[in-house]
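What follows is a short report on a single structure.
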Amino acid sequence: MSLHRKDTDSAFEGAGSKAGLEIWCIENLRLVPVPKSSHGKFYTGNAYIVLKTVLPKTGPAQHEIHYWLGNDTNKVDSAFASDKALELDAALGSCTVQYRELQGLETGKFLSYFKPCIIPVEGLYSSHQGHLNGETYKFSLLTCKGDHVVHIKEVPFSRSSLNHNDVFILDTASKIFLFSGCNSSIQERAKALEVVQYIKENNHGGKCEVATIEDGKFVGDSDVGEFWSLFGGFAPIPRDSPSSVQKQSDAPSVKLFWITTQGKLCQTGTDSLNKKILETDKCYMLDCGAEIFVWMGRQTLISERKTSISATEDFLRTQGRSTGTHLTFLTEGLESNIFRSYFDNWPQKVEPKLYEEGREKVAAIFKQQGYEVKELPEEDCEPFINCRGTLKVWRVNGDELSLLPVPEQTKFYSGDCYVVQFTYPGNERDENLFYAWIGRRSVMEDRRDAISHMNAIVDSTKGDPVLAQAVEDKEPVQFFLIFQTLIIFKGGMSKRYKKFIAEKGITDETYDGIKTALFRVQGTSPQNMQAIEVDLVSSSLNSSYCYILQTETFIFTWIGSLSSTRDHDLLDRMLELINPTLQPISVREGSEPDIFWNALGGKAEYPKAKEMKQCVEDPHLFTLNTTEGDFKVKEIYNFSQDDLTTEDVLVLDCHREIYVWIGCHSSVGSKQEALTLGLKFLEMDVLVEGLSLETPIYIVTEGHEPPFFTRFFEWDPSKANMHGNSFERKLAILKGKPHNLEVPTRNSWKAYSRETTPDGLRSKSVISNGLGRSGSPASSVSGSNSKSSTNQLFSSPTPIVRKLFSGSPHDESLVSAGSPAAEPRSLSQSAGFIQADGSGDCVNLLIYPYERLSVISSDPVAGIDVTKREAYLSDEDFQDKFGMTKRAFYELPKWRQNKLKMSLHLF
């Protein structure tokens with residue numbers, strides 16, 4: 001939230017109210033806003049203040065302040081920038097993290113704001129003309145260092161500036177040369193090509209030649225000859241001396257200093273650091289070698305904070321520390337992950353979603369007034385793949401796998417391990433998703449064999465499936481969505497489990513359908529509901545849930561006082577699956593009879609407070625480096641699909657689950673190896689977020705990314721299916737060679753509502769929840785090879801296709817692979833629909849009035865794609881209802897589309 005105070009510079013008025021970047025340049029000791037057109041252009045003689053604002057889906061705005069100092073910036077401007085950064089922090093409520101950025105030594109986070117790079121301009125910024133007076137184009141030789149963010153430095157235009165370790169760009173008036181040292185990495189070369197593209201577009205208007213020069217190859221190439229002629233002819237580049245490579249200490253000593261109000265540093269006399277050491281009315285300096293943190297307590301004054309920053313900068317100068325030492329300034333309560341990692345057992349922050357509590361209170365008020373209030377679906381429970389695929393489940397039973405019959409597929413035992421294969425339809429091909437489910441009470445041998453068996457099945461499966469490891473009680477949402485209904489019983493059926501409890505003298509608790517048992521019912525919809533058998537004691541109850549208590553003679557349904565109407569509906573549905581014969585006795589919390597408590601061994605205390613969900617932050621992307629036995633992790637800030645370089649192994653940390661992404665040209669040779677890397681990542685807990693070692697791990701390979709992974713990116717399928725290494729791919733794009741692309745049709749649909757899916761899409765095979773699963777609907781239209789629609793399955797069907805999906809088993813004979821109906825036509829072309837992503841310009845031939853398309857219509861239209869109701873509106877009605885054109889609507893984020901559709905009863 002932006003603030004404005006009387007003692008705050010007027011240039012900061014309204015700062016931080018919008019997401020994105022705001023930049024000010026210091027000119028004659030005053031702040032001058034830098035227009036967006038000049039963002040990323042920094043002059044070496046100036047100091048700048050950069051504010052990055054993020055507006056998360058929930059919670060307050062997040063701010064980070066960077067003050068950038070050019071190499072030629074004078075001391076007065078440098079001090080002024082530091083003071084103004086503190087002033088901006090105070091204006092924003094002292095809720096920012098501040099960084100000092102030095103030219104050529106910027107942090108990766110700062111550089112990520114200005115992709116692909118920052119190329120500092122010599123001279124001073126002029127707010128009147130926006131550029132340096134008399135600035136002319138000249139030859140320049142630049143070094144490029146970095147694989148995901150790149151540091152650019154201009155070096156003397158001389159052969160002696162070249163070396164074998166770096167990548168260089170020689171920018172001339174008519175041609176740009178890229179020279180790659182023989183020891184530079186493929187990733188660095190690829191990143192340098194992005195800089196070449198940037199220079200070409202910004203310095204040459206997109207009109208100049210580009211030549212790539214490889215170190216050591218100089219015969220028979222005109223570009224090579226031209227390059228060396230600019231340096232006066234070819235001459236060997238001397239080898240770098242071993243002493244030029246500086247090795248950093250693996251474990252730098254960490255020292256904590258208290259900074260007095262007079263600016264004196266006093267080292268604390270303790271070896272182990274604890275959060276209790278930090279007092280809220282003091283400032284501290286944490287010296288970590290290559291990085292220094294200044295921690296400022298909430299109760300400190302701005303004057304004290306200025307003194308602490310000055311004292312830290314004086315410390316760096318007097319100690320002769322490297323100019324590359326990074327300075328980060330933290331306010332109490334906003335400690336970064338790296339800072340917290342230096343302290344022992346830093347307490348975890350639990351931030352409940354307070355807005356949910358408020359929303360529920362408002363809903364309760366409306367319900368009391370007699371209004372019908374529909375509960376919104378939980379955002380992270382939306383499916384991102386077609387959940388009407390085919391399911392196979394094996395139980396690990398000794399050294400072998402036992403395939404479960406369809407009625408038993410949704411019944412798991414806590415003492416067993418299972419391998420799950422889910423095949424779902426993609427565009428023109430089926431995709432496979434595998435899980436190894438580890439029961440909480442399973443034996444170690446079964447756990448190991450579950451992973452081994454899963455890998456064996458994956459290796460024998462066509463394509464490159466996604467696989468995952470899931471532990472009971474830590475299952476990812478997607479796991480539950482493919483089962484739709486799942487019951488987890490106590491006990492186990494495997495030979496090893498039976499042998500284990502017999503040897504240990506443990507009572508066999510395996511559920512047999514007769515004995516007394518208590519089940520907790522949970523879920524979000526009839527397509528995502530579970531019943532978990534819990535300990536048969538009163539303390540297992542929780543006011544936020546509903547329960548089923550079954551004995552040999554009666555069955556109770558217990559309704560928690562904080563449960564919702566959705567929970568009550570799931571309770572009724574699950575009761576039909578667990579015991580449809582006995583007449584249930586429904587009791588509400590607080591009105592239980594004695595017989596109920598007696599079945600649970602007596603009344604006892606249990607949780608009665610509302611369970612609040614922890615706020616889930618945005619995901620983080622990391623590179624994993626495993627060279628020479630080392631395991632190093634580095635975060636990629638403000639990541640995009642381009643950061644998924646084919647030579648790398650990366651981890652996408654989504655907090656509740658992680659994805660290990662394997663590039664085609666990476667050194668990881670198997671999915672088992674990738675799974676091991678994922679476990680190592682969990683052990684490191686890089687973000688100090690208390691990651692459990694049981695956090696679900698997905699293994700994803702390049703070119704086979706599932707939609708529930710790609711949703712975290714602005715995904716372009718063509719980039720995911722290019723030939724060659726990352727350098728060759730970037731070069732193909734730069735030189736405009738689309739023939740190097742191989743773009744198979746891929747799934748690209750976003751989340752869609754399960755409740756609005758016609759049951760006709762399901763097959764005749766029925767599992768225990770009474771809902772059928774289909775084979776691949778795509779196979780029914782396998783004759784179509786059109787790539788014009790990215791969402792064929794859920795675009796509006798032709799009349800024939802609608803019959804095919806109508807639910808009649810005889811309708812399948814209407815279309816065969818050789819029939820005219822199977823000719824290559826996309827569904828969206830057949831009916832003339834705007835495509836699911838809004839990219840089509842076709843005219844909608846099927847128009848219906850809004851009153852019949854609404855979900856609350858008394859005369860609803862039949863046979864339409866209910867996930868795209870808005871597409872059936874005429875252009876005039878669409879403009880009238882939504883206040884925008886269809887094209888503008890489909891350019892909005894998916895969540896915004898759904899929100900607008902909900903407000904108009906079209907979702």
Next on the checklist: With a 6.0 Å cut-off (strictly less than), is the heavy-atom count around NZ of Lys109, excluding the residue itself, greater than 12?
Outcome noted: yes

Next on the checklist: Quick check: closest heavy atoms across Ile169 and Ala192, and the distance to 0.1 Å?
Outcome noted: CD1-O, 3.7 Å

Checklist entry - For the residue pair Phe709 and Tyr698, is the inter-centroid distance of their aromatic rings smaller than 6.0 Å? => result no

Checklist entry - Hey, would you say the Phe713 and Trp715 ring centroids sit under 6.0 Å apart? => result yes

Item to check | Side-chain donor/acceptor of Glu335 to backbone N/O of Gly333, under 3.5 Å | outcome: yes

Checklist entry - Which residue pairs satisfy the salt bridge (charged side-chain N to carboxylate O under 4.0 Å, His left out) criterion with at least one member in residues 316-326, sequence neighbours excluded? => result Asp287-Arg321, Asp314-Arg317

Checklist entry - Is it true that a side-chain atom of Glu332 and a backbone atom of Arg298 form a donor plus acceptor pair closer than 3.5 Å? => result yes

Next on the checklist: Determine whether a donor-acceptor pair (N or O, by modelled atom type, separation under 3.5 Å) exists between the side chain of Thr96 and the backbone of Gln98.
Outcome noted: no

Item to check | Which residues share a salt bridge (Lys or Arg N to Asp or Glu O under 4.0 Å) with Arg305, sequence neighbours left out | outcome: Asp89

Checklist entry - Within a reach of under 6.0 Å around CD of Glu714, are more than 12 heavy atoms found that belong to other residues, nucleotides or ligands? => result no

Checklist entry - Is any side-chain heavy atom of Asp653 closer than 4.5 Å to a side-chain heavy atom of Leu691? => result yes

Item to check | From Lys730 atom NZ to Gln197 atom CD, the distance as rounded to the nearest 0.5 Å | outcome: 10.5 Å

Next on the checklist: So, applying side chain to side chain contact (heavy atoms under 4.5 Å, CB included) with Arg100, which one of Leu327, Thr107, Leu105 is it?
Outcome noted: Leu327

Checklist outcome for this item: With sequence neighbours left out, the residues meeting ring pair (Phe, Tyr, Trp, His ring centres under 6.0 Å) with Tyr67 are none

Item to check | Flag side-chain contact, heavy atom, 4.5 Å: Thr53 against Lys18 | outcome: no

Checklist entry - Does any non-hydrogen side-chain atom of Ile292 lie less than 4.5 Å from one of Leu286? => result no

Checklist entry - Are the side chain of Ser94 and the backbone of Ala90 linked by a donor-acceptor contact shorter than 3.5 Å? => result no

Checklist entry - Does Thr143 have any side-chain hydrogen bond (donor to acceptor under 3.5 Å, both in side chains) partners at least two apart in sequence or in another chain, and if so, which? => result none

Item to check | Lys/Arg N to Asp/Glu carboxylate O, Glu683 vs Lys680, below 4.0 Å | outcome: no

Checklist entry - Where do Ala11 and Leu31 come nearest, in terms of heavy atoms and distance? => result CB-CB, 3.8 Å

Checklist entry - Does atom CG of Asp344 have more than 12 heavy-atom neighbours, drawn from other residues, nucleotides or ligands, at distances under 6.0 Å? => result yes

Checklist entry - Can you check whether Asp77's main-chain N or O pairs, donor with acceptor, with Asn74's side chain at less than 3.5 Å? => result yes

Item to check | For Gln267, side-chain hydrogen bond (donor to acceptor under 3.5 Å, both in side chains) partners two or more places apart | outcome: none

Checklist entry - Which residues satisfy the ring pair (Phe, Tyr, Trp, His ring centres under 6.0 Å) test with Tyr113, sequence neighbours excluded? => result His66

Checklist outcome for this item: In this structure, NZ of Lys282 is separated from OG of Ser308 (nearest 0.5 Å) by 14.0 Å

Next on the checklist: Quick check against the 3.5 Å criterion: does Ser185 have a side-chain atom that pairs as donor or acceptor with the backbone of Glu188?
Outcome noted: yes

Next on the checklist: In the structure I gave you, are the side-chain heavy atoms of Asp618 and Pro56 within less than 4.5 Å of one another anywhere?
Outcome noted: no

Item to check | All ring pair (Phe, Tyr, Trp, His ring centres under 6.0 Å) counterparts of Phe329, not counting sequence neighbours | outcome: none

Next on the checklist: With a 4.5 Å cut-off on side-chain heavy atoms, are Thr307 and Gln262 touching?
Outcome noted: no

Next on the checklist: Which residues pass the salt bridge (Lys or Arg N to Asp or Glu O under 4.0 Å) test with Asp147, not counting sequence neighbours?
Outcome noted: none

Checklist entry - Would you say the side chains of Thr646 and Glu702 form a donor-acceptor pair under 3.5 Å? => result yes

Checklist entry - Looking at side-chain heavy atoms only, is the closest gap between Thr331 and Cys95 below 4.5 Å? => result no

Checklist entry - Minimum heavy-atom separation for Phe315 to Leu265, with atom names? => result CD1-CD1, 3.5 Å

Item to check | Side chain proximity check, Phe257 to Thr312, heavy atoms < 4.5 angstrom | outcome: no

Checklist outcome for this item: Closest non-hydrogen contact found for His63 with Leu51 is CB-CD1, 4.0 Å

Checklist entry - Can you check whether Ala85's main-chain N or O pairs, donor with acceptor, with Glu87's side chain at less than 3.5 Å? => result no

Next on the checklist: Below 30° counts as parallel, above 60° as perpendicular, anything between as tilted: where do the rings of Tyr659 and Phe708 land?
Outcome noted: tilted

Next on the checklist: Once you measure the plane-to-plane angle for Phe343 and Phe339, does it fall in the parallel (<30°), tilted (30-60°) or perpendicular (>60°) bin?
Outcome noted: tilted

Next on the checklist: I'd like to know whether Trp258 forms a side-chain hydrogen bond (donor to acceptor under 3.5 Å, both in side chains) with Glu279, so could you lay out the CA-CA distance, the side-chain angles of the two residues, the decisive distance to 0.1 Å, and finally the verdict.
Outcome noted: CA-CA 10 Å; Trp258 165 47; Glu279 299 181 30; over 6 Å; no

Item to check | For Thr261, side-chain hydrogen bond (donor to acceptor under 3.5 Å, both in side chains) partners two or more places apart | outcome: none

Checklist entry - Where the side chain of Glu101 meets the backbone of Phe110, is there a donor-acceptor pair that is under 3.5 Å apart? => result no

Item to check | Over all atoms of both residues, closest heavy-atom pair of Val254 and Cys288 | outcome: CG1-SG, 4.2 Å

Checklist entry - What pairs with Phe80 under ring pair (Phe, Tyr, Trp, His ring centres under 6.0 Å), at least two apart in sequence or on another chain? => result none

Next on the checklist: Could you check whether Ser726 and Glu647, counting side-chain N and O atoms only, form a donor-acceptor pair closer than 3.5 Å?
Outcome noted: yes

Next on the checklist: If you compare all heavy atoms of Val150 against all heavy atoms of Pro116, which two are closest, and at what distance to 0.1 Å?
Outcome noted: CG1-O, 3.1 Å

Next on the checklist: Could you work out, with salt bridge (Lys or Arg N to Asp or Glu O under 4.0 Å) as the rule, every residue matching Glu635, not counting sequence neighbours?
Outcome noted: none

Item to check | Whether Tyr43 and Tyr125 hold their rings parallel, tilted or perpendicular, with breakpoints at 30° and 60° | outcome: tilted

Next on the checklist: Among residues at least two apart in sequence or on other chains, which ones pass side-chain hydrogen bond (donor to acceptor under 3.5 Å, both in side chains) with Asp643?
Outcome noted: Lys115, His148

Checklist entry - Checking Glu22 side chain against Gly16 main chain: does a donor-acceptor pair fall under 3.5 Å? => result yes

Next on the checklist: Test your reading of the model: is there a side-chain donor-acceptor pair from His151 to the backbone of Gly146, 3.5 Å cut-off?
Outcome noted: no

Next on the checklist: Any non-hydrogen side-chain atom of Val686 less than 4.5 Å from a side-chain atom of Val651?
Outcome noted: no

Checklist entry - Between SG of Cys144 and CG of Leu193, what distance do you get to the nearest 0.5 Å? => result 9.5 Å

